[in-house]
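Everything below concerns the one structure shown next.
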Amino acid sequence: MSVPTGFGEPARDPDEAEARMSTWARGFAEKAARYREVGERTEALRLTASSPDGAVRVTVRADGGLVDLEFGDRARSVPLDRLSGLVMATVRQAQAGIADRVAEVMSDGLGDEDSRTRALVVDNLRTRFPDTEDTGDTGDTGVAAENTPAAGRDTAPADDEEHRPW
């Protein structure tokens, strides 16, 4: 008598069905462990970038969040409006590497497994953190379009005390 196993062809005996289920469950547990490791390695990722003139150095996490900001001696001589542009450009420069680094971690941890999932994750990261060439950053000592407001935001004039009370 055959017993349907739900895992392909019917098992000839209960021991065979149990062995198949154990193999199946072990495969899921191993896959979960690989994903857990990839998640931990991704959480530990830190990407650092410096402005070309050394005035600014930033470190970001894999989710793009800023975890460190340092100013070099050169920052003292940079006008504040230019310094803020350097900070933002350097953050974007660090974030631009996130997708490639996460792709490496996923490839190392998962191999060819779940290539569709990896593609979805990496494509999402590339959309959120595009290459600096795609953002218009010049990569030199500033931002190509310093006076262009961010999408969906208004920018107040630099000396407007009503909008910039600090």
Side-chain angles (χ1 to χ4, degrees), residues 27-166:
F28 273 122
E30 290 168 359
K31 185 174 187 173
R34 286 191 301 275
Y35 270 91
R36 202 170 17 262
E37 179 184 344
V38 164
E40 290 168 1
R41 288 181 55 205
T42 300
E43 285 289 320
L45 276 179
R46 300 292 182 264
L47 293 90
T48 299
S50 297
S51 63
D53 63 359
V56 176
R57 177 182 159 106
V58 301
T59 302
V60 297
R61 294 184 308 256
D63 66 359
L66 184 65
V67 293
D68 194 25
L69 169 63
E70 298 174 25
F71 294 107
D73 289 335
R74 170 80 174 92
R76 295 176 200 272
S77 63
V78 177
L80 292 180
D81 61 337
R82 181 140 169 85
L83 186 59
S84 65
L86 276 174
V87 169
M88 295 307 296
T90 307
V91 167
R92 285 189 295 272
Q93 180 185 351
Q95 290 173 335
I98 291 172
D100 288 339
R101 293 288 302 278
V102 170
E104 289 173 19
V105 168
M106 291 184 80
S107 182
D108 290 348
L110 302 174
D112 293 333
E113 185 176 1
D114 292 339
S115 60
R116 291 179 67 196
T117 300
R118 183 176 331 128
L120 286 170
V121 169
V122 172
D123 287 348
N124 177 274
L125 290 171
R126 287 192 200 292
T127 300
R128 289 177 53 210
F129 308 115
D131 288 335
T132 53
E133 296 86 38
D134 298 339
T135 63
D137 287 355
T138 61
D140 54 22
T141 58
V143 180
E146 283 182 341
N147 296 323
T148 303
R153 291 189 189 157
D154 294 326
T155 9
D159 296 325
D160 187 345
E161 289 300 319
E162 183 178 314
H163 293 96
R164 293 184 182 221
W166 55 89

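- Separation of atoms OG (S77) and CZ (R82) is listed at 10.5 Å; rounding is to 0.5 Å.
- Distance alone, capped at 3.5 Å, is enough to place a donor-acceptor pair between the R46 side chain and the E43 backbone.
- Closest heavy-atom contact between I98 and A62: CG2-O, 3.1 Å.
- Between R41 and D108, some side-chain heavy-atom pair lies under the 4.5 Å cut-off.
- Listed here is the closest heavy atom pair of A55 and R74: CB-CG, 3.8 Å.
- Taking 4.5 Å as the limit, some side-chain heavy atom of F71 sits within range of a side-chain heavy atom of V87.
- Summarising the geometry of V60 relative to A94, their closest heavy-atom pair is CG2-CB, 3.8 Å, with the distance given to 0.1 Å.
- A 4.5 Å side-chain heavy-atom check between V58 and L66 finds at least one atom pair inside the cut-off.
- At a threshold of 4.5 Å between non-hydrogen side-chain atoms, the residues T117 and Y35 count as touching.
- Looking at R101 and L47, their side chains come closer than 4.5 Å, going by heavy atoms from C-beta outward.
- Interatomic distance, Q95 CD to L125 CG, rounded to the nearest 0.5 Å: 11.0 Å.
- Contact of the V105 side chain with the L45 side chain is registered, since non-hydrogen atoms from C-beta on lie closer than 4.5 Å.
- Atom OG of S50 sits about 7.5 Å away from atom CD of Q93, to the nearest 0.5 Å.
- The nearest pair of heavy atoms linking P130 to A96 is O-CB, 3.5 Å.
- Salt bridge present: K31 and D114 bring a charged side-chain N and a carboxylate O closer than 4.0 Å.
- Looking at T42, its side chain does come within 3.5 Å of a backbone N or O of V38 through a donor-acceptor pair.
- A salt bridge is absent between R126 and D131: the closest approach of a Lys/Arg side-chain nitrogen to an acidic carboxylate oxygen does not fall below 4.0 angstrom.
- In this structure, CZ in R34 is found 12.0 Å from CE in M106, a value given to the nearest 0.5 Å.
- Here the closest non-hydrogen pair linking A75 and L83 is CB-CD1, 4.0 Å.
- Under the 4.5 Å side-chain criterion, counting only non-hydrogen atoms from C-beta, L110 is in contact with R118.
- Under the 3.5 Å distance criterion, the side-chain polar atoms of S51 are matched with a main-chain donor or acceptor of V56.
- Around the CZ atom of R57, the shell of radius 6.0 Å holds no more than 12 heavy atoms that belong to other residues, nucleotides or ligands.
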